[in-house]
Amino acid sequence: MSVRVRFAPSPTGFLHIGSLRTALYNYLFAKHHGGVCVLRIEDTDRTRLVEGAMEEQIESLRWAGVVFDEGPHVGGNYGPYVQSERFDLYRTYGMQLVASGHAYYAFDTSEELDAMRVRQQAAGIAPRYDRTTMRNQYTLGEHETERLLQSNADHVIRLKVPHTSEVRFHDAVRGEVTVQGREVDDQILLKSDGFPTYHLANVVDDHLMEITHVIRAEEWLPSTPKHILLYEAFGWTPPTFAHVPLLLNPDRTKMSKRHGDVMVRDFRKKGYFPDALVNFVSLCGWNPGTDREVYSMPDLIEHFTLERVNKAGAVFDYKKLDWMNGEYLRAKDPQDLAAMVLPALQEAGYAYIEPDYVARVIGLVRERIHFVQDVVTFADYIFTDVVNVDDEYRAKHWKPDTSELLRALTERYASIEQWDHTTLNDVTAAFATEHNVKTGALMHPLRVVLTGKQVGAGVYDTMEVLGKERCMTRLRNGLA
RNA sequence: GCACCGUUCGUCUAGGGGUUAGGACACCGCCCUUUCACGGCGGUAACACGGGUUCAAUUCCCGUACGGUGUACCA
């Protein structure tokens, strides 16, 4: 049987970085096995819907390179792929369970349920729905139940958990997991608004869509027994489950926005490359067992296996991500990078600059920056002729005879025809020797006048990119 | 509280009955370099604890501790 997996986000906000990783693992697993990756939107909570969230999540996933074979945006033979469009289905299957005695009607109000939990906590017992004392078809009896249903009383349908059973399943990441039936709550399957809960919708859809492997975050592990029980109640074969570890904050709690950016769009906006982000995030909780750190999407697909997914949560290391992004920055074609940074240059107010020239600038400084768009501020003195001088830096290197020396050097430069690194180096070195000064006494002042900044690429390389004319102008103006 | 899951350098991780416990990020030092980076070399730094099993345990088993997740008419 060929592999079919799904990523099933809820459209309640922007795509979380942890969700991206879950989606990625699903995608990698599917592609590794030549299978199908499905996108399904779980919008059964009508109160938490956020308009545009589905589109944003799909866009973030597309940006990251996670592509789906089936989904609301691409179609497929198992649709619809949005749960609210499958509404009737869940009621049908829920009623089937009532008919077979695996589920039942309950009429409790939320106040009554709250009171029940308060009582249970006071008594020191685990808060779980008490089938024997609450208002449901068992305590109310057939007639009263029927009467309430006839009168359109608010009601839900709950799973009748066999409390004497033992639920056992094999998790591809964690091995055998066993839970006592008495620990499992009589979960609501159909809410009073007629929509299914995650648990019902999830099981029905995974079955109907012929999902073979459910790869999801560890937070789902505790409710998996409910799902297993549902498969059993329906008489269906459950898929293979794989609960992947969580992405964590530095304090090891579930990764949240309290500790930094967590939305994929935030990373995108900050200038991370999608391939770098994907590379990094795939290695949080999974490892191919080699010393290699850099993997392209095809590499990841080739090497990914569930067996090598870790059990423990992974703290998200922003610093290492930055390093990874730098690796990609240095490996990419400057021409491509130039195209990416053009809008930022325009936004910064600089006149149009030829992409070829921008590419040269990027080649000049990319060892020193983490993000492409850093070039805009890092090398601002190349995009404009306004040089903002770092006074402290100038004071440190500007000696009494510096101005005179530089004036003489400038006139020497005037005669240079081959304005490149080698010539500049030779001419400057010869000049230093003639005047009996160290080259350092020349280099720093040159940097001050030409760039204004202490930090930057090599002076000769910078001069080469700047060009003779602009260098001469800056030197003459700067020494006037 | 209860249930489930987890625990190798600060972080991501490799390893697995006998290893000098390996790599990466970060940090420190040196080299390269007239800056800062990049790169190269080197360094600091880890098997949570206690019992077993075994000739031998970081590795297997059991406890404990600590941590996380879950415990909704949310997903």
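In what follows, chains are A, B, ... by sequence order, proteins preceding strands, each numbered from 1.
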Peer 1: What integer number of Å spans the C1' atoms of U8(B) and A24(B)?
Peer 2: 15 Å
Peer 1: Just jot down the side chain to side chain donor-acceptor pair (under 3.5 Å) partners of Asp380(A), sequence neighbours excluded, or say none.
Peer 2: Lys453(A)
Peer 1: Phosphate oxygens OP1/OP2 of A14(B): is one of them under 4.0 Å from a side-chain N or O of Asn310(A)?
Peer 2: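 Yes, within the criterion.
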Peer 1: Which whole number of Å gives the distance between the C1' atom of G17(B) and that of C4(B)?
Peer 2: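 To the nearest whole Å, 29 Å.
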Peer 1: How does protein contact run along nucleotides 62-75 of chain B, one letter per nucleotide 5' to 3', with B for base contact, S for sugar-phosphate only, - for none, heavy atoms under 4.0 Å?
Peer 2: ------SSSSSBBB
Peer 1: Any side-chain to backbone donor/acceptor pair from Thr197(A) onto Ile188(A)? Under 3.5 Å, distance only.
Peer 2: yes
Peer 1: Using the C1' atom on both, measure C12(B) against U7(B) and round to a whole Å.
Peer 2: 15 Å
Peer 1: Can you tell me how far C1' in G40(B) sits from the matching atom in A46(B), rounded to whole Å?
Peer 2: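 One C1' to the other, the span is 26 Å.
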Peer 1: CZ of Phe241(A) versus P of C4(B): gap in Å, rounded?
Peer 2: 18 Å
Peer 1: Paired with A46(B): which nucleotide, if any, by Watson-Crick or G-U wobble criteria at under 3.5 Å for both distances?
Peer 2: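 Pairing partner, where one exists within any strand: none, as none qualifies.
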Peer 1: Strictly by Watson-Crick or wobble contacts shorter than 3.5 Å, is anything paired with C9(B), and which nucleotide is it?
Peer 2: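 Paired with C9(B), as far as the under-3.5 Å criterion goes, is no nucleotide at all.
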Peer 1: Once you round it to whole Å, what is the distance between P of C12(B) and CG of Asn287(A)?
Peer 2: 12 Å
Peer 1: Considering every strand and a 4.0 Å limit on heavy-atom distances, what is the contact class for Val184(A): base, sugar-phosphate, or nothing?
Peer 2: nothing
Peer 1: Find the distance Phe316(A):CZ to A26(B):C1' and express it as a whole number of Å.
Peer 2: 15 Å
Peer 1: Using the salt bridge (charged side-chain N to carboxylate O under 4.0 Å, His left out) criterion, which residues pair with Asp336(A)? Sequence neighbours excluded.
Peer 2: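 Asp336(A): no salt bridge (charged side-chain N to carboxylate O under 4.0 Å, His left out) contacts found.
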Peer 1: I'd like the P distance from C27(B) over to G70(B), given in whole Å.
Peer 2: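 One P to the other, the span is 34 Å.
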Peer 1: Rounding to an integer number of Å, can you tell me how far His303(A) NE2 sits from U13(B) P?
Peer 2: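 My rounded result for the distance is 18 Å.
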Peer 1: Do the non-hydrogen side-chain atoms of Lys160(A) and His102(A) ever get within less than 4.5 Å of each other?
Peer 2: no
Peer 1: Measure CD/Glu176(A) against P/C4(B) and give the value in whole Å, please.
Peer 2: 15 Å
Peer 1: What's the gap between A26(B) and C32(B) when it is taken at their C1' atoms, as a whole Å value?
Peer 2: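 22 Å, rounded to whole Å.
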Peer 1: Name the pairing partner of A21(B), where a pair is Watson-Crick or G-U wobble with both distances under 3.5 Å, or state none.
Peer 2: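 Partner of A21(B): none.
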Peer 1: Indicate yes or no: does Arg46(A) engage Asp193(A) in a salt bridge with an N to O separation below 4.0 Å.
Peer 2: no
Peer 1: Suppose you measure atom C1' in A45(B) against the same atom in C31(B); what distance do you get, rounded to whole Å?
Peer 2: 23 Å
Peer 1: Under the rule for side chain to side chain donor-acceptor pair (under 3.5 Å), what residues qualify as partners of Thr377(A), not counting sequence neighbours?
Peer 2: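 So Thr377(A) forms no side chain to side chain donor-acceptor pair (under 3.5 Å) with any residue.
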Peer 1: Restricting to pairs with a member in residues 437-460 of chain A, which pass ring pair (Phe, Tyr, Trp, His ring centres under 6.0 Å), not counting sequence neighbours?
Peer 2: Tyr393(A)-His444(A), His397(A)-His444(A), His421(A)-Tyr460(A)
Peer 1: Check ring-ring contact (aromatic ring centres under 6.0 Å, His included) between Tyr413(A) and all other residues, then give those that pass, not counting sequence neighbours.
Peer 2: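 Per chain and number, Tyr413(A) pairs via ring-ring contact (aromatic ring centres under 6.0 Å, His included) with Trp419(A).
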Peer 1: Classify the angle between the aromatic ring planes of His227(A) and Trp220(A) as parallel (below 30°), tilted (30 to 60°) or perpendicular (above 60°).
Peer 2: tilted
Peer 1: Mind checking who U33(B) pairs with, Watson-Crick or G-U wobble, both distances under 3.5 Å?
Peer 2: none
Peer 1: What does the list of N/O pairs under 3.5 Å between the protein and nucleotides 39-44 of chain B look like, with a distance for each?
Peer 2:
none

Peer 1: Report the residues that fulfil ring-ring contact (aromatic ring centres under 6.0 Å, His included) with Phe431(A), sequence neighbours left out, ordered by chain and then residue number.
Peer 2: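 Testing Phe431(A) for ring-ring contact (aromatic ring centres under 6.0 Å, His included), a comparison that skips the adjacent residues, returns His435(A).
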Peer 1: Taking a pair as Watson-Crick or G-U wobble with both distances under 3.5 Å, which nucleotide is matched to U54(B)?
Peer 2: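 Its partner: none found.
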Peer 1: Applying a 3.5 Å limit to both distances, which nucleotide forms a Watson-Crick or G-U wobble pair with C2(B)?
Peer 2: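 With both distances under 3.5 Å, C2(B) matches G70(B).
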Peer 1: If you look at every strand shown and take non-hydrogen atoms under 4.0 Å, does Thr178(A) touch a base, only sugar-phosphate, or nothing?
Peer 2: sugar-phosphate
Peer 1: Expressed in whole Å, how much space separates the C1' atoms belonging to U44(B) and G39(B)?
Peer 2: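 Looking at atom C1' only, U44(B) and G39(B) are 22 Å apart.
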Peer 1: Could you tell me how far apart Leu247(A) (CG) and U13(B) (C1') are, to the nearest whole angstrom?
Peer 2: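 Roughly 14 Å, once rounded to whole Å.
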Peer 1: Can you give me the N/O atom pairs linking the protein to nucleotides 35-37 of chain B at distances under 3.5 Å, or say none if there are none?
Peer 2:
unit_1	atom_1	unit_2	atom_2	d
U35(B)	O2	Gln454(A)	O	2.7
U35(B)	O2	Gly456(A)	N	3.2
U35(B)	N3	Arg447(A)	NH2	3.0
U35(B)	N3	Gly456(A)	O	2.6
U35(B)	O4	Gly456(A)	O	3.3
U35(B)	O4	Ala457(A)	O	3.4
U35(B)	O4	Gly458(A)	N	3.1
C36(B)	O2	Arg368(A)	NH1	2.7
C36(B)	N3	Arg368(A)	NH1	2.2
A37(B)	O2'	Glu367(A)	O	2.0
A37(B)	O2'	Arg368(A)	N	3.4

Peer 1: Select from Gly289(A) and Thr428(A) the residue whose nearest nucleotide in RNA chain B is closer to the 5' end of that strand.
Peer 2: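 It is Gly289(A) whose nearest nucleotide is closer to the 5' end.
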Peer 1: Residues in ring-ring contact (aromatic ring centres under 6.0 Å, His included) with Tyr272(A), at least two apart?
Peer 2: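 ring-ring contact (aromatic ring centres under 6.0 Å, His included) check on Tyr272(A) returns Phe267(A), Phe371(A).
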Peer 1: With respect to the side chain of Val315(A), which nucleotide from C4(B), C12(B), G6(B) is positioned closest?
Peer 2: C12(B)
Peer 1: Taking donor-acceptor contacts at under 3.5 Å, does the side chain of Lys319(A) reach the base of A26(B)?
Peer 2: no
Peer 1: Only counting residues at least two apart or in another chain, list the ones meeting ring-ring contact (aromatic ring centres under 6.0 Å, His included) with Tyr81(A).
Peer 2: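 Partners of Tyr81(A) by the ring-ring contact (aromatic ring centres under 6.0 Å, His included) criterion come out as none, since no residue qualifies.
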Peer 1: Can you tell me how far C1' of A3(B) sits from CZ of Phe169(A), to the nearest Å?
Peer 2: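 Whole-Å distance recorded here is 12 Å.
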Peer 1: Take atom NZ of Lys320(A) and atom C1' of C27(B), then tell me their distance rounded to the nearest Å.
Peer 2: 15 Å
Peer 1: Taking the six-membered ring for Trp and the single ring otherwise, decide whether the centroids of Phe304(A) and Tyr25(A) are under 6.0 Å apart.
Peer 2: yes
Peer 1: For Arg308(A), which contact category applies under a 4.0 Å heavy-atom criterion: base, sugar-phosphate, or nothing?
Peer 2: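 The answer is sugar-phosphate, as Arg308(A) gets under 4.0 Å only of primed atoms, P, OP1 or OP2.
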Peer 1: What does A14(B) pair with, Watson-Crick or G-U, if both distances are under 3.5 Å?
Peer 2: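 Looking at the geometry, A14(B) pairs with no nucleotide.
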Peer 1: Give one of base, sugar-phosphate or nothing for Tyr129(A), where a contact means two heavy atoms less than 4.0 Å apart.
Peer 2: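 Here Tyr129(A) touches no strand at all.
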Peer 1: Of all residues at least two apart in sequence or in a different chain, which pass the salt bridge (charged side-chain N to carboxylate O under 4.0 Å, His left out) check with Arg135(A)?
Peer 2: Glu112(A)
